[in-house]
Amino acid sequence: MFSRVYLDWNATAPLRAEARAAVSSALEAAGNPSSVHTEGRAARKLVEDARTQLAHAIGTKVDAVVFTSGGTEANAQALTPGWSLSGRACARLIVSAIEHPSVLSGGRFAPADVSQAPVTRDGVLDLDKLRALLSAGGPALVSIMLANNETGALQPVEDAARIVREAGGVLHVDAVQALGRVPLNAAALGADLLTLSAHKIGGPKGVGALVVCNGNLHLPQALIRGGGQERSRRAGTENVAGIAGFGAAAAAAHIKGAAETSHMLRLRDRLEKGLATIDGAVVFSAAVPRLPNTTLFALKGIRAETAVIALDLEGVAVSSGAACSSGKVQPSHVLAAMGVEAELSRGAIRISTGYATKEGDIDRALETWRKLSGVLRKT
Ligand code: PLP
């Protein structure tokens, strides 16, 4: 029996030991955080301690953090018409063409009020096009990811923040893939709103946060209304154990951040050097700053979905750049936006690592790929 190699950390990261301990201890808390008695206050403390841990990890005010059921809900909440900084409410939305589907969907904006800002061939937001879109109408909410989940390409968020601010708009940044992988300071970034998710940093699945970094912003309309939890910004009894796990994971990722990032960078170099010697696969966004843990590569003539299954049978878990929904494999919208030809994009495979990935895991993936790629090319 051989051990498995998990190289799909951008899909989800294994639970960190610190998060597991925090979740299991919080599961013992009997009270509802809204209750005033001792049990309730103990549960409230777990939620508030986690809020402090997360705020500290990203350099923001504690009361800026609104816990949600994940990155998808935080994005849906952010994409609400009516945010305002300039006295005029944002009635339209501009998203980059490479956003996660939860942003591309446009949230609560009518489809006619949503426009897409294109990216360069390297998969980086085109700032001139963003400027042009902003000047072609009233104040806009702009949503840009900090790091792309497929290519890992880092986006020019600080420059975009200046451009959006000058145009009287509001900037939302989906930082789900960046947290824990590159230094993230909310104040330095200049984002007004930030989306985070616990399970990409080794926290539990099903918990995330919308961070309202700009204290002058007021939520126009809560997505989930009901009780007054999260200062009426997100109703519903808090996921106490999930939130405690998120806080613990954020604190651990923050403390170990620099060491983990350089470890992932070393692994990425090892992988990409190895790939180049096998068959000269194309690595996407290779010429621009990328996440230290992500390599999206393709080989002409290969079907990624077949390759992913073949690698899985050999014990190596990776993912394809294509999305499979309703039984139909869709080519990656990210690679399409970058102008990659469909034939190459169909062969895109993503390898993403984490702090616990070992050099031996990379070598095993390379060995397996060396064995399979020639065969897969012929099928
Ligand atoms: N945004 C990005 C960039 C993502 O990669 C993901 C998940 O893959 C999400 C948002 C959604 O986060 P969640 O899985 O917590 O809903």
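Note that ligands are numbered from 1 as they come in the structure, with each ligand's atoms numbered from 1 the same way.
- Cation-pi check for Arg181 over Tyr355 is not met; the charged atom does not lie both under 6.0 angstrom from the ring centroid and within 45 degrees of its normal.
- Of the heavy atoms in Thr72, both backbone and side-chain atoms come closer than 4.0 Å to ligand 1.
- Ligand 1 is never approached by Glu99 to a heavy-atom distance shorter than 4.0 Å.
- Salt bridge Glu18/Lys256: present, at least one basic N to carboxylate O contact under 4.0 Å.
- Summarising the contacts of atom 8 (O) of ligand 1 with Gln177, Lys205, Lys200, the nearest heavy atom is found in Lys200.
- Regarding atom 4 (C) of ligand 1, its nearest protein heavy-atom neighbour is His100 CD2, 3.3 Å.
- A salt bridge links Glu48 to Arg44: one of the charged nitrogens lies within less than 4.0 Å of a carboxylate oxygen.
- Of the heavy atoms in Val103, none comes closer than 4.0 Å to ligand 1.
- Atom numbering of ligand 1 starts at 1 in the shown order; those under 4.0 Å from a heavy atom of Asp174 are 1 (N), 2 (C), 3 (C), 10 (C).
- We find that Asp8 and Arg350 are joined by a salt bridge, their nearest charged nitrogen and carboxylate oxygen being less than 4.0 Å apart.
- The atoms of ligand 1 that sit less than 4.0 Å from any heavy atom of Gly70 are 15 (O).
- Listed by number with element, the atoms of ligand 1 under 4.0 angstrom from any heavy atom of Ser197 are 13 (P), 15 (O).
- Among protein heavy atoms, atom 13 (P) of ligand 1 sits closest to Gly71 N, 3.5 Å.
- For residues 49-72, the set of pairs meeting the ring-ring contact (aromatic ring centres under 6.0 Å, His included) definition, not counting sequence neighbours, comprises His56-His254.
- Remark: ligand 1 atoms within the under-4.0 Å shell around heavy atoms of His199 are 13 (P), 14 (O), 15 (O).
- Salt bridge absent: Lys358 and Asp361 never bring a charged side-chain N and a carboxylate O closer than 4.0 Å.
- Under the 4.0 Å criterion applied to side-chain N and carboxylate O atoms, Asp269 and Arg266 are not assigned as salt-bridge partners.
- Near Met145, meaning under 4.0 Å from any of its heavy atoms, are these atoms of ligand 1: 3 (C).
- Neither the backbone nor the side chain of Glu73 comes within 4.0 Å of ligand 1, counting heavy atoms alone.
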### Chi angles and distances behind the side chain to side chain donor-acceptor pair (under 3.5 Å) call for Gln77, Arg233
CA-CA 9 Å; Gln77 175 64 87; Arg233 296 179 291 186; over 6 Å; no
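- Residue Val176 has at least one heavy-atom neighbour below 4.0 Å for each of these atoms of ligand 1: 1 (N), 2 (C), 4 (C), 6 (C), 10 (C).
- Between Glu272 and Arg290, at least one side-chain nitrogen of the basic residue sits less than 4.0 Å from a carboxylate oxygen of the acidic one, meeting the salt-bridge criterion.
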